[in-house]
Amino acid sequence: MLKTGEQVARHLQEYFLDHAEIFPIAVQWGLNFASHRSAAARAVALAVRRNTTRMAQRFIAGATPAEALTAIRKLRRQSLAFTLDLLGEATLSEEEAATYQRRYLDLLAALATASRNWEPVELIDTDQAGPIPRVNVSLKLTALYSQFDAIDPERGAARVKERLRPLFRAATEVGAFVTIDMEQYRYKDLTLRVFKEILEEDEFQAWPQAGIVLQAYLRETEQDLRDLLTWVKARGTPIGVRLVRGAYWDYETVIARQHDWPVPVFHRKWETDINFERLVTILLEQYQLLRPAIATHNIRSIAYALAASQRLGLPERAVEFQMLYGMGDAIKAALVQLGQRLRVYAPFGELIPGMGYLVRRLLENTSNDSFLRQSFVEHAAVDELLQSPEEERLHDSGALAGDQPPSHEVFHNEPELDFAQEENRRRFQDALTSVCQQLGRTYPLMMNGEAIFTKAEIVSRNPSHPDEIVGRVARAGVAEAERSVSTAWHALPTWRATPAAARADYLFRAAAAMRDRRVELAAWEVREAGKPWREADADVCEAIDYLIYYGREMLRLAPARQLDDLAGEVNAYVYQPRGVAVVIAPWNFPLAILTGMTSAALVAGNTVIMKPAEQTSVIAAKLMEIFSSIGLPAGALSYLPGLGEEVGEHLVTHPRTNLIAFTGSLAVGLHINALVAQTVEGQRGIKKVIAELGGKNAIIVDDDADLDEAVLGTVASAFGYAGQKCSACSRVIVLEQVYELFLRRLVVAIRSLRIGPAEDPGTFVPPLIDDEARQKVRHSITVAKGEGRVVLQIQEPREGYFVGPVIVADVSPQAVIAQEEIFGPVLAVLKARSFDEALEIALGTPYALTGGLYSRSPAHIERARQDLRVGNLYINRKITGALVGRQPFGGLGLSGIGAKAGGSDYLLQFMEPRVITENTLRRGFAPRNDGDTRQ
Ligand code: NAD
């Protein structure tokens with residue numbers, strides 16, 4: 001937030017002066033001043049602020065209800081009706097949701113009082129059937145419940161209806177009309193469901209003054225409209241339907257592409273335009289049940305609606321038009337002259353929180369496709385503006401980039417499930433139920449294709465319900481560890497000699513088998529690792545990604561490289577596997593990390609002994625099942641569950657193991673390193689250790705950060721999976737100018753998170769993995785209490801290994817809580833006086849795994865790129881959730897030794913290079929290296 005002139009001046013310089021060739025106006029504006037405190041800087045800043053405010057005033061109908069009322073009176077004098085929309089920050093907490101509701105209730109009351117003194121204007125106060133409400137508001141459901149998420153529709157619908165009822169009640173009392181706005185696609189079905197359910201309630205069943213928005217750019221809208229019609233007929237009371245094109249086209253396209261989901265919007269503008277007209281026709285045909293409000297500035301669409309209503313013989317004023325405040329005023333005036341009812345969508349509220357709205361409007365005004373731009377700025381010919389979208393279709397030159405199916409040449413991440421789709425939620429729930437019926441089974445260890453049961457067992461428990469035994473797993477001891485090494489040793493020559501392409505093919509087949517079982521595997525993670533739905537699903541996707549990625553990498557690396565083209569000599573650079581690999585994995589990404597390390601080692605030609613974390617041995621057994629099911633040669637992979645200190649250590653120090661791929665804590669990682677530094681009798685070669693270790697990751701929140709985003713990103717990074725990710729944020733370093741505000745919003749946001757068992761779809765903070773972890777985190781909290789101000793400690797549920805989220809503020813950079821990894825939902829908040837100091841604090845621990853920055857300053861972003869030296873740096877987004885191939889992952893400093901997992905250097909660690917040189921000169925005759933003979 002830019003509060004001072006100095007800040008504004010600094011940002012203007014950073015944004016524009018570096019691009020003076022593109023923005024020569026920057027120099028004209030006088031941005032090339034030396035100091036941000038100078039009189040010149042102040043003057044420029046003042047001018048810019050004034051202009052921005054003026055711009056905002058054009059699109060926003062005032063900052064306060066009083067100003068909005070003035071704007072409304074002005075509109076009514078021009079025979080324009082209104083609907084008011086309260087702008088605000090994103091609703092991140094229940095406190096903010098309650099405030100939003102309160103403000104709407106106050107607004108309705110204020111409008112009702114004011115409206116008594118308004119002169120009647122027949123054109124806008126009546127429709128074909130008589131008087132209509134003069135007071136009209138529009139509201140967003142996401143603002144009424146901070147955890148509004150399609151993954152948990154039951155709770156979402158219930159909570160939103162609780163907040164909506166008083167609003168609808170107030171509207172019925174004062175005779176107002178309420179329209180529910182439509183937002184991003186992922187909220188659409190839930191929004192429609194809430195709208196229908198609440199209007200079916202006895203209290204509102206006969207209330208006709210509610211409406212909903214539908215977006216013509218969505219492929220599903222026609223079906224939604226038809227469903228709505230069927231429902232309205234059953235309900236027996238009409239509703240209003242506002243038809244818009246849709247304001248989130250870029251967002252929907254980008255999000256869908258990023259997730260590899262079907263794009264829900266039409267690609268081409270003419271497709272939306274055709275749909276718009278089709279939907280107009282349906283609405284007009286059903287105008288008595290679905291009272292249409294056609295919201296557009298496009299004169300072709302307006303003309304179409306007018307003509308269609310004539311053709312259908314609709315009475316006057318059966319159709320309403322709607323337009324945005326501050327836009328298309330000439331079209332508004334023309335429609336009023338034609339005797340049409342026109343309502344102006346008027347947002348009001350403070351300028352800064354309203355910025356998102358303002359930016360969307362400005363983009364609309366400048367985008368090439370924008371109708372307003374074409375008509376008023378570029379003066380397009382009337383014929384062109386009225387051109388039928390069908391004609392545009394005929395002239396469309398061909399496919400857009402997004403039309404092509406994804407190429408198989410390029411690696412694609414496995415798409416995560418879209419839980420906004422009912423079908424996916426149902427599948428996931430079914431899998432949870434089915435896994436429930438398989439709990440408590442006993443799993444053997446696997447060696448050379450043989451299932452071995454032992455006397456000793458690992459009992460795996462569900463962290464959400466510790467009485468529930470997920471499974472009993474054979475527990476290997478030293479004898480089994482010995483056997484597994486011997487198996488791997490004997491299998492090595494054959495597996496090593498298997499062509500790389502065949503080894504890669506095993507990985508691809510394992511990926512396919514995993515894909516077939518993806519919801520089942522995720523359900524096991526919910527039960528055994530306490531992973532909430534999305535996290536469990538993402539872990540399975542990551543495991544599939546590793547299989548495909550490393551398989552492809554091996555195909556890339558396998559061919560021998562000829563080093564030069566000199567006659568008489570052949571130099572070949574080839575890779576060979578290191579030998580017997582020991583994979584020791586953690587529990588927190590129980591399938592992905594185990595699969596990643598195991599598949600990399602296997603495809604490189606090593607034989608592998610897989611030692612999973614004790615806590616998630618059942619999931620590891622499922623991975624073994626998958627490898628067995630695809631016919632992986634028996635000796636190539638052993639499954640050896642057991643205790644780290646016992647079998648883990650035995651394998652690490654065994655003379656016949658060659659490579660240790662370890663992911664886990666710093667203490668164990670360093671211990672393993674120390675162990676392998678000692679060669680033991682019979683050992684041939686120095687062991688290679690790949691170790692991915694812990695972190696003490698920081699997010700910096702700059703004084704100009706978008707706080708909505710910064711709070712959301714910090715919450716997700718610090719408290720997702722209860723902070724049990726190596727990448728989790730455990731320190732947030734906030735610039736002092738925004739420190740208190742950020743802290744306040746953070747605290748209320750976290751208070752609104754759902755803490756609960758992992759199988760509950762609405763859970764955000766699940767339990768910790770086991771009792772030992774809980775005791776450790778509790779101890780850290782006790783220490784933390786002496787090191788800062790505890791501003792939040794949430795009571796945890798009784799059952800399960802829960803620890804309620806804790807926030808400790810005013811922590812010193814050297815405090816234990818700011819230095820040591822705490823694997824739980826505990827966040828330290830530190831204050832920095834300057835950006836330099838923030839960087840220094842962030843780098844002030846020996847760990848360097850992930851880090852983040854929320855800033856809008858190009859200069860600070862650049863500084864962070866240069867100086868915030870962590871393994872994975874994230875700018876203006878959460879710091880967890882790295883994707884294979886896209887964000888190869890791994891740390892520096894004490895956070896690890898090794899190349900990044902999911903990146904192009906990773907496989908190399910599992911192999912060693914050899915160079916083979918052959919002299920091909922035979923008595924003065926040198927055959928060409930490509931097989932040709934050269935004279
Ligand atoms: P952990 O170190 O306790 O255990 C990891 C594995 O090591 C387990 O399989 C365990 O049985 C085994 N082990 C324990 N003692 C051993 C010994 N003496 N010899 C050989 N093996 C031994 O870690 P954890 O609690 O399972 O996982 C959490 C830790 O892992 C955190 O510190 C986290 O930051 C780290 N982690 C790092 C990454 C990364 O990519 N950098 C990813 C996930 C987790």
Side-chain angles (χ1 to χ4, degrees), residues 443-452 474 476 480-514 543-544 546-555 557-558 575-585 591 593-612 617 619-642 647 651-652 654 656-662 685 687-688 690 906-912:
Y443 298 85
L445 48 95
M446 295 290 298
M447 237 179 273
N448 218 4
E450 196 186 327
I452 300 169
E480 289 80 16
E482 273 297 321
R483 248 188 88 188
S484 72
V485 176
S486 162
T487 301
W489 179 260
H490 285 104
L492 182 61
T494 317
W495 180 242
R496 185 171 53 195
T498 306
R503 296 199 304 259
D505 202 48
Y506 285 117
L507 264 53
F508 300 144
R509 276 152 55 196
M514 214 176 253
I544 297 171
Y546 280 129
L547 290 163
I548 305 274
Y549 186 87
Y550 293 145
R552 295 169 60 105
E553 278 292 289
M554 194 61 222
L555 296 179
L557 293 168
Y575 292 110
Q576 70 168 16
R578 290 184 173 269
V580 173
V582 179
V583 167
I584 303 181
L591 191 65
I593 293 183
L594 186 66
T595 305
M597 293 192 290
T598 302
S599 59
L602 274 175
V603 81
N606 305 281
T607 47
V608 179
I609 303 165
M610 186 163 83
K611 204 313 269 163
S617 297
I619 293 162
K622 302 288 161 194
L623 177 60
M624 189 68 213
E625 266 173 39
I626 285 174
F627 275 120
S628 305
S629 73
I630 55 137
L632 187 77
L637 177 64
S638 299
Y639 164 60
L640 198 78
V647 288
L651 295 170
V652 167
H654 198 287
R656 282 186 165 178
T657 58
N658 306 93
L659 166 81
I660 321 297
F662 170 80
K687 295 185 198 212
K688 167 91 178 170
I690 302 162
Y906 191 72
L907 270 198
L908 296 175
Q909 309 172 102
F910 292 80
M911 302 187 279
E912 46 199 2

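Position 1 is the first residue of the sequence, and the numbers go up from there. Note that the coordinates shown come from a computational prediction; the quantities given were computed from them, not determined experimentally.
- Between Ala604 and Pro577, the closest heavy-atom pair is O-CB, 3.2 Å.
- Of the possible donor and acceptor atoms, none in the side chain of Thr595 sits under 3.5 Å from a partner among the backbone N and O of Ala543.
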Query raised in the report: Checking side chain to side chain contact (heavy atoms under 4.5 Å, CB included) for the pair Val580/Leu659: CA distance, chi angles, key distance, verdict?
Result: CA-CA 6 Å; Val580 173; Leu659 166 81; over 6 Å; no

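- Between Thr598 and Leu602, some side-chain heavy-atom pair lies under the 4.5 Å cut-off.
- For the atom pair CE of Met446 and OG of Ser638, the computed distance is 9.0 Å after rounding to the nearest 0.5 Å.
- Arg483 and Glu450 are joined by a salt bridge, as a carboxylate oxygen and a charged side-chain nitrogen come within less than 4.0 angstrom of each other.
- Considering CG of Leu547 and CZ of Phe508, their distance stands at 9.5 Å, rounded to 0.5 Å.
- Between Met447 and Glu480 there is a side-chain heavy-atom pair separated by less than 4.5 Å.
- Side-chain contact between Leu908 and Tyr575 is present, with heavy atoms from C-beta onward closer than 4.5 Å.
- The CD1 atom of Ile544 lies 6.5 Å from the CE atom of Met514; values are rounded to the nearest 0.5 Å.
- For the pair Ile584/Met610, no side-chain contact is recorded, criterion being any heavy-atom separation below 4.5 Å from C-beta on.
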Requested in this report: Decide side chain to side chain contact (heavy atoms under 4.5 Å, CB included) for Met597 and Val608; before the verdict, give the C-alpha distance in whole Å, the side-chain angles of both, and the deciding distance to 0.1 Å.
Outcome: CA-CA 10 Å; Met597 293 192 290; Val608 179; over 6 Å; no

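- Remark: Leu640 CG to Met624 CE distance equals 11.0 Å, nearest 0.5 Å.
- Distance CD/Glu553 to CG/Leu907: 6.0 Å, rounded to 0.5 Å.
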Query - Steps toward side chain to side chain contact (heavy atoms under 4.5 Å, CB included) verdict (Arg656, Glu482) - result: CA-CA 10 Å; Arg656 282 186 165 178; Glu482 273 297 321; over 6 Å; no

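- Contact detail for Ile626 and Ala513: the closest heavy-atom pair is CG2-CB, 4.0 Å.
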**Report entry** Trace of the side chain to side chain contact (heavy atoms under 4.5 Å, CB included) decision for Ser486 with His490
**Finding:** CA-CA 6 Å; Ser486 162; His490 285 104; 3.6 Å; yes

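- Looking only at side-chain heavy atoms (C-beta outward), Leu591 and Leu623 come within less than 4.5 Å of each other.
- Asn658 contributes no side-chain N or O that, together with a main-chain N or O of Lys688, makes up a donor-acceptor pair within less than 3.5 Å.
- Residues Pro444 and Ile452 have side chains not in contact (no heavy-atom distance under 4.5 Å, counting atoms from C-beta outward).
- A donor-acceptor contact shorter than 3.5 Å links the side chain of Lys687 to the backbone of Val652.
- Heavy atoms only, all atoms of each residue included: Ile609 and Ser484 are closest at CD1-OG, 3.6 Å.
- Ring-plane geometry between Tyr546 and Tyr550 is classed as parallel, the angle between the planes falling under 30 degrees on a 0 to 90 degree scale with a further cut at 60.
- Residues in residues 486-512 take part in these salt bridge (charged side-chain N to carboxylate O under 4.0 Å, His left out) pairs, two or more places apart or across chains: Asp505-Arg509.
- Identified under the salt bridge (charged side-chain N to carboxylate O under 4.0 Å, His left out) test for residues 623-639, with sequence neighbours left out: Arg517-Glu625, Lys622-Glu625.
- Between Ala581 and Ala601, the shortest heavy-atom distance links the atoms CB-CB, 4.0 Å.
- Tyr639 pairs by the ring pair (Phe, Tyr, Trp, His ring centres under 6.0 Å) definition with nothing, not counting sequence neighbours.
- Atom CG of Leu507 sits about 12.5 Å away from atom CZ of Arg552, to the nearest 0.5 Å.
- Remark: the backbone N or O of Gly635 is not paired with any side-chain donor or acceptor of Thr487 at under 3.5 angstrom.
- Between Trp495 and Tyr506, the ring planes are tilted. Angles from 30° to 60° get that label.
- Here the closest non-hydrogen pair linking Ile548 and Ala511 is CD1-CB, 3.7 Å.
- No side-chain heavy atom of His654 sits under 4.5 Å from any side-chain heavy atom of Leu651.
- Annotation for Thr498 and Ala502: closest pair CG2-CB, 3.8 Å, computed over non-hydrogen atoms.
- With hydrogens and angles ignored, the 3.5 Å screen pairs no side-chain donor or acceptor of Lys611 with any backbone N or O of Val582.
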